[in-house]
Amino acid sequence: MSPASTQSACRTCGSPRLRLGLDLGLLPLANSFLPPQRAVDPTPEPRYPLRVFYCENCGLIQLRDIVDMREMYDDYAFLTATATTSLIHFDQYAEDMTRRLSLKSADLVVDIGSNDGTLLKAFRRRGTTVLGVEPARNLANQAMAEGVPTLNEYFGPDTVERIGPHGARLITANNVVSHVQDLNGFMESVSNTLASEGIFAFEVPWVVDVLRHYNFDIIYHEHLSYFGFKPLSDLLGRHDLELIDLQHFPLIHGGSFRGLAAHPRTFPRQSDTITRVFQDEKTGADFATLNEFAYRVHDIRRRLLELLQDLKKKGKKIVGYGAPAKATILLNYCSIDRSILDFVTDTTPLKQGRFVPGVRIPIVDPDELRKAKPDYALLLAWNFKDEILKKEQEYLRSGGQFIIPFPEPSILGQNSR
Ligand code: TMP
Ligand code: ZN
């Protein structure tokens, strides 16, 4: 299938000088987990090109092929509140920002892409006024049912009007900016909503971490941009916003940064930190690095498939652990289907009973892992490795092993540690 559109110029700076760095071929939409009746329909699910380009003008690494947003976001199966690691991260986030801005009860915190309201609940516990903006209907309804006021819409000029210009003391957007097609329009709306002494805090996986750990499975159609902070800082600057601080979280999604921005000259700027990050991006996210990444991605595919096929030949029972969107990309790109994995476990009730798109592997309750006692579990939710290994001590003790896909396929078990 062809995408809804293919953009001809860079999403942020408008340059037409986009250079192809990696082609993952045609892949299904990562979050479109199939209901059972769809999984037996012989008509294949739609697949779209997944090609990664480098902007030779501003350095932003990005997709050009755009899939219709309604197809991706109307009904969304990702929940923030499914991992303890995320709950702790967001609670500390709320604590840090509440202190930094000395937030009071009348101060408004707006969370863009508020999902199930996890972050806003953490702010509400600290007494501030909160408002979520969430386009997925199922998630907005869930958050509202749990008492988190939520606008069911895409953040944009209408939202600014509803909130009132410069009405938000804090705007947060976590793992959202990477999904935005019209980045200039988005930042303009952020700038117009942000109070004159407010902060815009956003988290994105850092492109340097993605490339150095070869995490190609976080490349999917929803993630239109793979950010470095140099291109982001240029973008903010065009909309009366300035990057003031950066904080690295190496364990969140394989390596994320929280960027803080504000209207110019309202907060001190942590220039040393920002300069260091820009410097790392010069050598860690240039075209040559993207090229090397492409080479390693092909290599990981070959080695992972060989490892799994070898274990199958030896009669081993293998399942998948976790059904994040990433799993759809990893499994389809590496052609790991039901002949290799009996099932994939996931804690999210919304995903259980559905199937991974493309490879059509069933997603089941994690209890099935304990019942089936597989020899190996391919760790698809690798970003929660520590949390999962801690939780699965029993599986490990009984001889079960994990296959970790990155930075290179490896086996982890009680005897292999
Ligand atoms: P994410 O990597 O996109 O945040 O999604 C993680 C997925 O992994 C989510 O669907 C929940 C699932 N998961 C488990 O099944 N078991 C676990 O122990 C954890 C931490 C996550
Ligand atoms: Zn550009």
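Indexing begins at 1, ligand by ligand and atom by atom, following the structure's order. Bear in mind the structure is a predicted one, so any value in this text is a computation, not a measurement. Just so you know, these numbers use all the heavy atoms, side chains as well, and skip hydrogens, waters and symmetry mates.
For atom 5 (O) of ligand 1, the nearest non-hydrogen atom of the protein is Pro324 CB, 3.4 Å. If you check which protein heavy atom lies closest to atom 9 (C) of ligand 1, you get Asp346 OD2, 3.5 Å. The protein atom (non-hydrogen) at minimum distance from atom 2 (O) of ligand 1 is Lys326 NZ, 2.6 Å. For atom 3 (O) of ligand 1, the closest non-hydrogen atom on the protein side is Phe78 CE1, 3.4 Å. Ranking the protein heavy atoms by distance from atom 21 (C) of ligand 1 puts Phe384 CD1, 4.0 Å first. Among protein heavy atoms, the minimum distance from atom 14 (C) of ligand 1 is reached at Thr347 OG1, 3.4 Å.
Between atom 17 (C) of ligand 1 and the options Gln352, Lys391, His253, Glu392, the minimum heavy-atom separation is to Lys391.
With respect to the salt-bridge test (charged N to carboxylate O, under 4.0 angstrom), the residues Asp299 and Arg303 qualify. We find that Glu368 and Lys371 are joined by a salt bridge, their nearest charged nitrogen and carboxylate oxygen being less than 4.0 Å apart. Using a cutoff of 4.0 Å between basic side-chain nitrogens and carboxylate oxygens, Arg212 and Asp280 are not scored as salt-bridged. With salt bridges taken as basic N to acidic carboxylate O contacts below 4.0 Å, none links Asp96 and Arg99. Between Glu392 and Arg370 there is a salt bridge, with a side-chain nitrogen of the basic residue lying less than 4.0 Å from a carboxylate oxygen of the acidic one.
Close approach of ligand 1 to Ala83 (heavy-atom distance below 4.0 Å) involves ligand atoms 20 (C). Interface atoms of ligand 1 facing Glu387, defined by a heavy-atom separation under 4.0 Å, are 20 (C). Ligand 1 places these atoms under 4.0 Å from at least one heavy atom of Asn383: 1 (P), 2 (O), 4 (O). Per-residue contacts place Lys351 under 4.0 angstrom from the following atoms of ligand 1 (heavy atoms of the residue considered): 9 (C), 10 (O). Listed by number with element, the atoms of ligand 1 under 4.0 angstrom from any heavy atom of Ala381 are 8 (O). For ligand 1, the atoms closer than 4.0 angstrom to any heavy atom of Thr348 are 9 (C), 10 (O), 11 (C).
For the pair Glu188/Pro157, no side-chain contact is recorded, criterion being any heavy-atom separation below 4.5 Å from C-beta on. Counting heavy atoms from C-beta on, the side chains of Phe202 and Val190 never come closer than 4.5 Å.
Ser256 and Glu203 share no donor-acceptor pair across their side chains, judged by distance under 3.5 Å alone.
Distance check, rounded to the nearest 0.5 Å: CG of Leu235 to CG of Leu232 gives 6.0 Å.
The angle that Cys10 SG and Cys58 SG make at the Zn ion (ligand 2), rounded to 10°, works out to 110°.
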